[in-house]
Amino acid sequence: MAHALHVQVPIDLSRHKGWVGGLLERALGATAGSRSAPDFEALGVELKTIPISRTGRPRESTFLTSIAPRTLADERWPTSTVRSKLARVLWVPIEASPDIPLGRRRVGSPLLWSPSAEEDRALSDDFELLRRSVSEGWLDGVTAHAGQFLQVRPKGKNAAARRWTPDPDGDESPARPRGFYLRARFTAGVLARHYHPASLS
DNA sequence: TTTTGATCATCC
DNA sequence: GGATGATCAAAA
């Protein structure tokens, strides 16, 4: 695929972490670039590549969106940024065992997905929990341990990055920038329900 | 082995 | 610096 698009294949992803995602964007004609819009704007579809281990499970969590605490405080799940990002996703599984050279990794059958009622409910619960903590100023108290499927993790230049953020005193102080991520447990469920329905109870 | 916290490239 | 795209690597 890279060859067909005249794109150089890096030796590894350590300094090219978004390379696979970018390649699929080019191959499929994603239109949004670095703007905050769905990858396929006219279709309202978000493209997400998902690295798959030898055992067929996602190797990584999935980044959704960064957190602006003041904005998040006024959000509610039905109209939230997180939910809109997940409204319609094209999941593209990609082989990602470290021992498979980058240029040899296969692309799996993609899945055009929208959350089921149950999935939406589960995410809603996590979202409300996390939103409350952040809104009350406890951003630095929210760790990646919170949330069954949705979690809050650092998303910044490095560990030293800081942004002015509301704190519990009603004041504001510098806090590390964070974002919402989908746990691998969740995407594993999505793929299993679609590709291996017989394996589920 | 799995998960959390840290990090990297590019575009604007 | 923060949006996009994610994976790396230390800790649990």
Inset, instruction - May I have the distance from A:Leu13 (atom CG) to B:dT7 (atom P), rounded to whole angstrom? - result: 19 Å
Inset, instruction - Check whether any side-chain heavy atom of A:Trp164 sits under 4.5 Å from a side-chain heavy atom of A:Pro174, and report yes or no. - result: yes
Legend entry - Point-to-point distance, once rounded to the nearest 0.5 Å, from CD1 of A:Ile100 to CD of A:Glu95: 4.0 Å
Inset, instruction - To the nearest 0.5 Å, tell me how far A:Leu123 CG sits from A:Trp77 CH2. - result: 4.5 Å
Legend entry - Any N/O donor-acceptor pair, A:Lys157 side-chain to B:dT7 base, under 3.5 Å: no
Inset, instruction - For A:Leu28 and C:dG5, give me the distance from atom CG to atom P, rounded to whole Å. - result: 13 Å
Inset, instruction - Determine: side-chain N/O of A:Gln151 to OP1/OP2 of B:dT3, distance under 4.0 Å, yes or no. - result: no
Legend entry - Nucleotide C:dG5, atom C1' - distance to NZ of A:Lys48 in whole Å: 8 Å
Inset, instruction - Look at the side chain of A:Lys155 and the base of C:dG5, then say whether one donor and one acceptor between them are separated by less than 3.5 Å. - result: yes
Inset, instruction - Any chance you could measure A:Glu60, atom CD, to A:Tyr181, atom OH, to the nearest 0.5 Å? - result: 10.0 Å
Legend entry - Distance in Å, A:Leu102 CG paired with A:Trp19 CH2, rounded so as to fall on 0.5 Å steps: 5.0 Å
Inset, instruction - Would you mind reading off the distance between A:Arg15 atom CZ and C:dT7 atom P, rounded to a whole angstrom? - result: 17 Å
Inset, instruction - Would you kindly compare A:Ser61 and A:His16 by the position of their nearest DNA chain B nucleotide and give the one closer to the 5′ end? - result: A:Ser61
Inset, instruction - Select from A:Leu64 and A:Ile50 the residue whose nearest nucleotide in DNA chain C is closer to the 5' end of that strand. - result: A:Leu64
Inset, instruction - Ignoring backbone atoms, establish whether A:Arg153 has a side-chain N or O less than 4.0 Å from OP1 or OP2 of B:dT3. - result: no
Legend entry - Closest to side chain of A:Asn158, choosing from C:dG5, B:dT4, B:dT7: B:dT7
Inset, instruction - Mind calculating the distance between CG (A:Leu102) and C1' (C:dA6) to the nearest angstrom? - result: 13 Å
Inset, instruction - Ignoring backbone atoms, establish whether A:Arg163 has a side-chain N or O less than 4.0 Å from OP1 or OP2 of C:dG2. - result: yes
Legend entry - Nearest-angstrom distance from the residue atom CZ of A:Arg176 to C1' of B:dT7: 12 Å
Inset, instruction - Let me know the distance between CZ of A:Arg178 and P of C:dA3, rounded to the nearest Å. - result: 15 Å
